[in-house]
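First the proteins, then the strands, lettered A, B, ... as listed; each starts at 1.
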Amino acid sequence: MQNKKIFFLIDVNSAFLSWEATYRLQHGSKIDLRNIPSIVGGDPKTRHGIVLAKSIPAKKYNITTGESLRDALIKCPTLTIIKPSYMIYLQASNAMINLVKEYSPKIQRFSIDECFVDYTDSQKIFGDPIKVANEIKERIKNELGFTVNIGISNNKLLAKMASDLKKPDMVHTLFKDELKEKFWPLSVEKLFMVGRKTLPKLNRIGIFTIGDLANSNLELIQYYLKSHGKLIWEYANGIENSQIMLNKYENIKSIGNSTTIPYDIENVEIALLHLLSLTEMVSMRLRDKKKLCSLISVTIKNNEFISYSHQRKLYYLTDSTNEIFNEVKKLFINSWKNEPIRHLGISVSSLKNNDEKQLSIWDNKNNEKLRKLDQTIDELRYKYGNQIIQRTSFLHSGIKNVNGGIEKDYPTMNSIL
DNA sequence: TCTGGGGTCCTAGGACCC
DNA sequence: TCTGGGGTCCTAGGACCC
């Protein structure tokens, strides 16, 4: 038998809000946002008005992440609202990762505010995991100014569940022999991967706590929930054995950007212009990652919040803005139901590394020229900003010529451990 | 509910092949 | 064709994470 692994999951408490509060205190503000009802959120005027993070006093008003600013203000009229500054958050996140790297090189950034650490080998050098987790937590608080929760267990799932137990500023363990006491009494919706659709399905068959699920019949759960049922049944029993993924960003599966437009779009030309600006961003990111794609998808959300998407598999690989936009155009025109558009998105997938490109029979000198052009434009934009070079169609349009994304290389999050 | 943006994986149905 | 079955690929939609 191999030795048991030790994982930490480090989670920043109310990340955006804590970082905003820390930054402001360090820049002379007298008010700590964490001590008043406050949130970080978007701008309702551009139809981006949702709550991204909330302070603990705001939570007392029942304000929840994801709800509209309008509703939040009804719950608490004196609420302080802060616009997000993603570059500050990225810096704070990087500072935390650098501190944690002193303890282990095996770190998986799970999102901007969460990371897994494989502490197994570090144990020989630094000793007791609980002692060290507390040390890391205190160092982050003292040196960086914000608090974290740290969960400790023998696998990533339980480390993550442990970090969620009681907040803020705490270290928790959740080992196998603690499941019955600390984990199973929790409501099943607290379990990772049980979301808003799965909860009522579980409730309907009499499952309300994580323990109910853990002790239920696996075949029954699989009958109702297929492979997802097996996954959450195993999670409820603390069964999970994925390893730290160090090269996650090299193995990226898709690249996409989308945007909610401040007004409803009603004509093709405007829609295509927005799609072009998104294509510029996506294809630039694609080239930056040295990838080629062969599947392209366009998503439309109408003014009634109904989304639909169309995708197309290509019989060639590409990273060209022009080639991708040609497909995007066709996809949009074939799918749009001629109704007011609120949101547009494009995404590319079926990615391959650039060195694997098989030149198609259509490949010719003209393509080589386009590639050189893309490359030159990218270089200029990285150096002088995205506006330095733009297509004439954007002039006087009021539409950003490159759109989507928060910042380059802003780490994103997904549900795969 | 006047409700963002970036991801991954799974499922179901249809086309097409033998 | 009032017809089988297995396998693979493609497409659309949905579930989940933060």
Between A:Glu67 and A:His228, the residue closer to the 5' end of DNA chain B by nearest nucleotide is A:Glu67
Determine whether more than 12 heavy atoms belonging to other residues, nucleotides or ligands lie under 6.0 Å from atom CD1 of A:Ile31.
no
Look for any protein N or O under 3.5 Å of an N or O in nucleotides 6-11 of chain C and output each such pair with its distance, or none.
unit_1	atom_1	unit_2	atom_2	d
C:dT11	OP2	A:Lys313	N	2.8

Between B:dT3 and C:dC18 - P atom distance, rounded Å
23 Å
Base, sugar-phosphate alone, or nothing: which one does A:Gly42 contact when heavy atoms must sit under 4.0 Å apart?
nothing
Begin with the C-alpha distance, continue with both residues' side-chain angles, and end with the deciding distance and a verdict on salt bridge (Lys or Arg N to Asp or Glu O under 4.0 Å) for A:Asp164 and A:Lys167.
CA-CA 7 Å; A:Asp164 246 7; A:Lys167 296 176 177 181; 3.1 Å; yes
Minimal heavy-atom distance between A:Met245 and A:Gln108, with the atoms involved, is N-OE1, 3.0 Å
Whole-Å distance, A:Lys54 NZ to C:dC18 C1', equals 12 Å
Protein-nucleotides 15-17 of chain B N/O pairs closer than 3.5 Å?
none

Side chain to side chain, A:Leu33 and A:Ser55, heavy atoms closer than 4.5 Å
no
Taking CZ from A:Arg196 and C1' from B:dT1, how many angstroms apart are they, rounded to a whole number?
12 Å
Heavy-atom check, side chain of A:Met281 versus side chain of A:Ser277, under 4.5 Å
no
Using side-chain heavy atoms (C-beta onward) and a distance below 4.5 Å, is A:Tyr103 in contact with A:Arg139?
yes
Residue whose nearest DNA chain B nucleotide is more 5′ - A:Asp71 or A:Thr259
A:Asp71
With rounding to the nearest 0.5 Å, note down the distance linking NZ in A:Lys230 to CD in A:Glu219.
10.5 Å
Separation of atom CG in A:Leu69 from atom C1' in B:dT1, rounded to whole Å
12 Å
Using whole Å, report how far CZ of A:Phe305 lies from C1' of C:dG13.
19 Å
So does A:Thr260 get a side-chain nitrogen or oxygen closer than 4.0 Å to the phosphate oxygens (OP1/OP2) of B:dT3?
no
Have A:Lys54 and A:Ser14 got a donor and an acceptor in their side chains that come within less than 3.5 Å?
no
DNA chain B contacts among residues 338-351 of chain A, heavy-atom distance under 4.0 Å:
A:Arg342, A:His343
Give A:Ser307 one of three labels, base, sugar-phosphate or nothing, depending on what nucleic acid heavy atoms sit under 4.0 Å from its own.
nothing
Going by atom types alone, do A:Thr147 and A:Arg34 pair a side-chain donor with an acceptor below 3.5 Å?
no
Among the nucleotides C:dG13, B:dT3, B:dG4, which one has an atom lying closest to any side-chain atom of A:Pro44?
B:dT3
Test applied, side chain to side chain donor-acceptor pair (under 3.5 Å); reference residue, A:Asn401; option that passes from A:Arg391, A:Glu280, A:Gln387:
A:Gln387
Rounded distance in Å - CD1 (A:Ile306) to C1' (B:dT1)
15 Å
Take atom CD1 of A:Ile300 and atom C1' of B:dG4, then tell me their distance rounded to the nearest Å.
18 Å
Using side-chain heavy atoms (C-beta onward) and a distance below 4.5 Å, is A:Ile39 in contact with A:Phe16?
no
Pick base, sugar-phosphate or nothing for A:Lys301, based on heavy-atom distances below 4.0 Å to the nucleic acid.
sugar-phosphate
Which of residues 75-84 of chain A sit near DNA chain B, with a heavy atom under 4.0 Å from it?
none
Just so I know, are the side chains of A:Val328 and A:Leu278 near enough to count as touching, which here means a heavy-atom distance under 4.5 Å?
no
Only one of A:Lys291, A:Glu250, A:Lys290 forms a side chain to side chain donor-acceptor pair (under 3.5 Å) with A:Asn353, so which one is it?
A:Lys291
Please lay out, stage by stage, how A:Arg47 and A:Asp264 fare under the test salt bridge (Lys or Arg N to Asp or Glu O under 4.0 Å).
CA-CA 10 Å; A:Arg47 310 204 289 191; A:Asp264 284 350; 2.8 Å; yes
Please state how far atom OH in A:Tyr263 lies from atom C1' in B:dC2, giving the value in whole angstrom units.
19 Å
A:Ile261 CD1 to B:dC2 C1': how many Å, rounded?
16 Å
State whether a side-chain donor-acceptor pair under 3.5 Å links A:Ser349 with A:Lys253.
no
When the side chains of residues 189-201 of chain A are checked against the rest of the protein, which donor-acceptor pairs come out under 3.5 Å, sequence neighbours left out?
unit_1	atom_1	unit_2	atom_2	d
A:Glu189	OE2	A:Ser187	OG	3.4

Ring centres under 6.0 Å, that's the criterion: do A:Phe7 and A:Phe116 meet it?
no
Quick one: label A:Gly49 by what it contacts on the DNA or RNA (base, sugar-phosphate, nothing), any heavy atom closer than 4.0 Å.
sugar-phosphate
Give DNA chain B the dot-bracket treatment, 5' to 3': Watson-Crick (N1-N3 with N6-O4 or O6-N4) or G-U (N1-O2, O6-N3) under 3.5 Å, [ ] crossing, | other strand.
....||||||||||||||
